[in-house]
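First the structure, in the form of structure tokens, and then the observations on it.
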Amino acid sequence: MIITPPPMGILQVALDVPIDSLFDYLDGGFDVAVGQRVVVPFGRRRQIGIVVGKSAVSEVPSAKLKAIETAFVDEPPLDSDTFALLRFCADYYQYPLGQALLASLPGRLRQTEPAVSRKQYAFRLSPEGLAAEIEQLPRRKLIQRKLYAALREHGVLHESALPEISSGWRGAMQGLQESGWVEADEVLAGLSASVSAAVPPPPLNEDQTAALQRMQASEGFKAWLLHGITGSGKTEVYMQWLQLMLADNDGQALVLVPEINLTPQLEARFRSRLPHLPMVALHSNLGEAERLQNWRLAQSGIARIVVGTRLSVFTPLPRLRLVIVDEEHDGSYKQQDSMRYHARDVAMVRAQRAKVPIVLGSATPSLETWHNAQTGKYGLLTLQNRAVAKSQLPRIGCIDTNRVELQDGLSPALIEALRQRLQRKEQSLLFINRRGYSPVLLCNACHWIASCTRCSSRLVVHLRQSRLRCHHCGHEQKIVRQCPSCGNADLHPTGHGTQRLEETLARLFPTARIQRVDRDSTRRKEALADILQAVHADEIDILVGTQMLAKGHDFPNLTLVGVVDTDSALFSPDFRAAERLFAQLMQVSGRAGRADKPGEVLIQTSFPEHNLFNALRKHDYVAYADSQLQERQLAQFPPYAFLALLRAEANQYSLVQDFLNDALVLARQLSEHVLTYDPVRPQMEKLKGMERAYLLMQGESRLQIQQLLRQLVPQLRAHPLASKLRWTVDVDPLEF
DNA sequence: AGCACGCCGACT
DNA sequence: GTCGGCGTGCTC
């Protein structure tokens with residue numbers, strides 16, 4: 001008797017390979033759903049894949065077809081909303097779907113092994129336990145009584161909350177379970193909840209109340225810009241909105257934060273105020289196991305709030321009700337390799353698809369966002385006042401470096417201001433955007449300059465280590481004592497970096513306690529936290545650092561911020577440099593005088609009358625943004641135009657040139673709407689030994705750009721030179 | 001991306 | 001004679 005095997009279906013599988021196509025496999029008898037993880041044979045190796053479609057037939061000759069090896073049918077498949085979002089992004093950012101899909105998953109789900117989470121439990125009272133009373137428990141079983149009381153109050157308690165009650169909770173809980181009062185449910189691990197009572201919300205000021213009311217009054221998708229200076233209480237608005245939106249339902253919220261170590265702080269604040277809303281964090285500091293757990297808690301709907309960086313914009317959230325993007329102007333939302341998405345823009349698309357509101361918060365919104373708020377596309381919510389009573393805005397002044405003689409890079413006025421702060425036992429902060437001792441090593445005889453051989457950059461002098469370093473590629477060498485060009489032994493470190501400024505300050509103020517904060521001084525894992533701690537403990541008088549210090553922390557006793565060198569950003573060929581500088585200086589100003597002590601900001605510049613500083617002195621973001629927008633409109637730059645960049649690099653510049661020239665011809669043929677400029681070399685013409693150039697495409701709409709790229713990119717992939725050099729497409733590029 | 005195949009130079 | 005350089009091409 002002949003047994004006919006059951007007919008096999010065809011699965012379209014997306015794989016983590018840089019090929020923009022799907023692969024067909026026989027389902028192997030597995031009952032697989034779309035979105036499921038599968039393991040497939042691929043050439044000589046095994047690959048993890050995601051099923052993106054099913055069908056009865058395949059275009060691929062049946063001799064070529066292989067069957068899947070395994071399907072993880074026990075795991076919940078990727079839901080269709082998240083899947084559709086990733087498909088949209090893969091399309092929009094010109095990136096292979098399989099790579100986009102797989103990159104969005106926690107690392108453990110990219111392996112060909114089944115991913116198991118550690119079992120954890122949530123506890124609740126049994127009917128018997130509910131019927132009982134605490135007095136039935138012996139007095140001396142103190143921990144059991146505490147646990148019982150907590151369970152009565154909270155209903156269900158996750159085990160992560162229990163150490164708060166007692167370190168000996170395990171034994172006591174066991175006792176309660178044995179007596180039949182408590183039942184345990186197995187849950188996914190990783191959720192932290194709290195048994196502490198919610199910290200009561202502070203009263204809101206008028207602006208905050210108005211913002212909340214307007215947000216509450218809208219329904220479905222609606223984008224808001226929450227514009228408020230540092231200290232105006234944006235976080236409070238977020239928290240009360242979360243409470244309003246999530247308290248009496250089972251909805252979920254996505255909260256995006258920039259890629260800095262501020263996530264734990266925000267998390268702690270949220271947790272103390274919203275202890276009843278289970279929250280998970282998703283950021284790069286998590287271990288693999290924890291990341292998987294938290295992701296699954298979001299996917300299963302157990303976690304109600306997800307606080308995370310860029311990548312978490314792709315986290316499956318079946319009951320998404322609202323999205324918050326904090327510090328929306330922050331550049332770290334833009335992925336700068338692989339799929340070059342902008343998490344803020346993706347969040348906007350996500351909110352739109354999910355028909356939920358989204359709030360973008362910032363003191364210095366990106367001009368794109370500001371423009372959208374001006375044209376009415378986004379609702380504008382303004383927080384005018386600082387929420388903390390009595391605190392006032394710092395006085396901002398410029399020091400004209402043309403008119404004074406600098407002493408090792410410092411003006412007399414700034415030195416005097418520092419001296420005053422030391423006398424008053426107040427703290428100061430000096431910003432300088434260069435680490436190292438000096439940015440240039442110069443031969444005074446022949447004007448030779450120490451340069452990197454692999455990059456078009458100067459080598460930075462690090463005097464303490466007696467090294468010359470390239471800050472772009474990591475190349476390092478001993479400091480040369482003699483000019484390699486003319487033999488002169490008189491080489492001068494020229495210009496100032498953090499190390500040199502630290503040295504100068506130590507000489508000017510021998511008794512002051514000075515601390516440098518840059519990538520070099522915070523290499524150790526806990527170093528930055530230790531320094532910030534010391535600042536709070538008043539163990540430091542003067543901080544010298546790079547923009548690392550601009551974000552986040554409040555220093556109540558800090559009353560002076562000095563900005564030493566900014567002028568290079570004023571005349572950068574990157575049209576966004578000024579926007580970034582303004583945001584940075586606004587943020588820096590927020591560091592000064594947050595308590596009841598008035599703060600002062602002093603900026604050393606050769607262009608004190610520059611319109612950027614005029615606006616900054618008045619704390620007038622609006623005026624600056626509007627003037628910048630006018631310039632952008634005249635120049636037809638974003639947000640009045642849309643850009644895409646084709647970057648290419650190779651050891652040989654001629655390769656890059658040939659490729660981009662061909663691409664240019666193609667692009668001009670393919671679109672009469674999109675303006676494609678001749679290839680341009682970036683500031684850093686050579687980086688890590690690679691010669692670089694790019695092609696800029698400019699269109700009136702996203703659609704025009706998309707239509708061009710949809711045709712151009714496949715043709716570029718087929719170009720004979722395409723495999724001989726490295727090239728990428730950057731849609732809506734932020735930096736050039 | 002991997003991993004094969006493939007066709008030319010200096011080595012035990 | 002063969003070890004190995006990385007160019008070319010394919011993976012359902």
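For clarity, every value in this text was computed on a predicted model and none was experimentally measured. By convention in this document, chain letters (A, B, ...) are assigned in the order of the sequence lines, proteins followed by strands, and residues within each chain are numbered from 1.
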Expressed in angstrom and rounded to an integer, what is the separation of [X] atom [atom1] from [N] atom [atom2]?
X      : N      : atom1 : atom2 : answer
A:Q47  : B:dG2  : CD    : P     : 8 Å
A:E69  : C:dC12 : CD    : P     : 13 Å
A:L15  : C:dC12 : CG    : P     : 9 Å
A:R726 : B:dA1  : CZ    : P     : 9 Å
A:D20  : C:dC12 : CG    : P     : 17 Å
A:F42  : B:dG2  : CZ    : C1'   : 9 Å
A:H719 : C:dG9  : NE2   : C1'   : 18 Å

**Request:** State whether the side chain of A:E700 and the backbone N or O of A:H673 hold a donor-acceptor pair below 3.5 Å, judged by distance alone.
**Result:** no
**Asked** Residues two or more places apart in sequence or in another chain: which of them pass side-chain hydrogen bond (donor to acceptor under 3.5 Å, both in side chains) with A:R344?
**Response**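 If we apply the side-chain hydrogen bond (donor to acceptor under 3.5 Å, both in side chains) test to A:R344, skipping adjacent residues, the hits are A:E328, A:S366.
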**Asked** A:Y677: what forms a side-chain hydrogen bond (donor to acceptor under 3.5 Å, both in side chains) with it, not counting sequence neighbours?
**Response**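 For A:Y677 the side-chain hydrogen bond (donor to acceptor under 3.5 Å, both in side chains) partners, ignoring immediate neighbours, are A:Q698.
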**Message:** I need the full list of ring-ring contact (aromatic ring centres under 6.0 Å, His included) pairs touching residues 33-88 of chain A, with sequence neighbours left out, sorted by first then second residue.
**Reply:** A:F23-A:F42, A:F88-A:Y92
**Item:** With A:D520 via salt bridge (charged side-chain N to carboxylate O under 4.0 Å, His left out) - residues at least two apart
**Value:**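 Salt bridge (charged side-chain N to carboxylate O under 4.0 Å, His left out) check on A:D520 returns A:R435, A:R469, A:R523.
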**Asked** Just checking A:I19: base, sugar-phosphate only, or nothing, at a heavy-atom cut-off of under 4.0 Å?
**Response** base
**Prompt:** Any salt bridge between A:D730 and A:R647, counting N to O under 4.0 Å?
**Reply:** yes
Which donor-acceptor pairs under 3.5 Å do the side chains of residues 714-724 of chain A make with protein atoms, sequence neighbours left out?
| from | atom 1 | to | atom 2 | distance (Å) |
| --- | --- | --- | --- | --- |
| A:H719 | ND1 | A:L721 | N | 2.9 |
| A:H719 | NE2 | A:D662 | OD2 | 2.8 |

**Request:** Scan residues 54-67 of chain A against DNA chain C and write down, sorted by residue number, each residue with any heavy atom closer than 4.0 Å; if none is found, say none.
**Result:** A:V60, A:K64, A:L65, A:K66
**Prompt:** Could you give all pairs that pass the side-chain hydrogen bond (donor to acceptor under 3.5 Å, both in side chains) test and reach residues 29-41 of chain A, with sequence neighbours left out?
**Reply:**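 Of all non-adjacent pairs touching residues 29-41 of chain A, those that pass side-chain hydrogen bond (donor to acceptor under 3.5 Å, both in side chains) are A:R37-A:E75.
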Donor-acceptor pairs under 3.5 Å, side chain of residues 679-686 of chain A to any protein atom, not counting sequence neighbours: which ones?
| from | atom 1 | to | atom 2 | distance (Å) |
| --- | --- | --- | --- | --- |
| A:R681 | NE | A:R692 | O | 2.9 |
| A:R681 | NH2 | A:E685 | O | 3.0 |
| A:R681 | NH2 | A:E691 | OE1 | 2.9 |
| A:R681 | NH2 | A:R692 | O | 3.1 |
| A:K686 | NZ | A:T453 | O | 2.8 |

Dump the pairs, protein N or O against N or O of nucleotides 6-8 of chain C, anything under 3.5 Å, distances to one decimal.
| from | atom 1 | to | atom 2 | distance (Å) |
| --- | --- | --- | --- | --- |
| C:dT8 | OP2 | A:K724 | NZ | 2.8 |

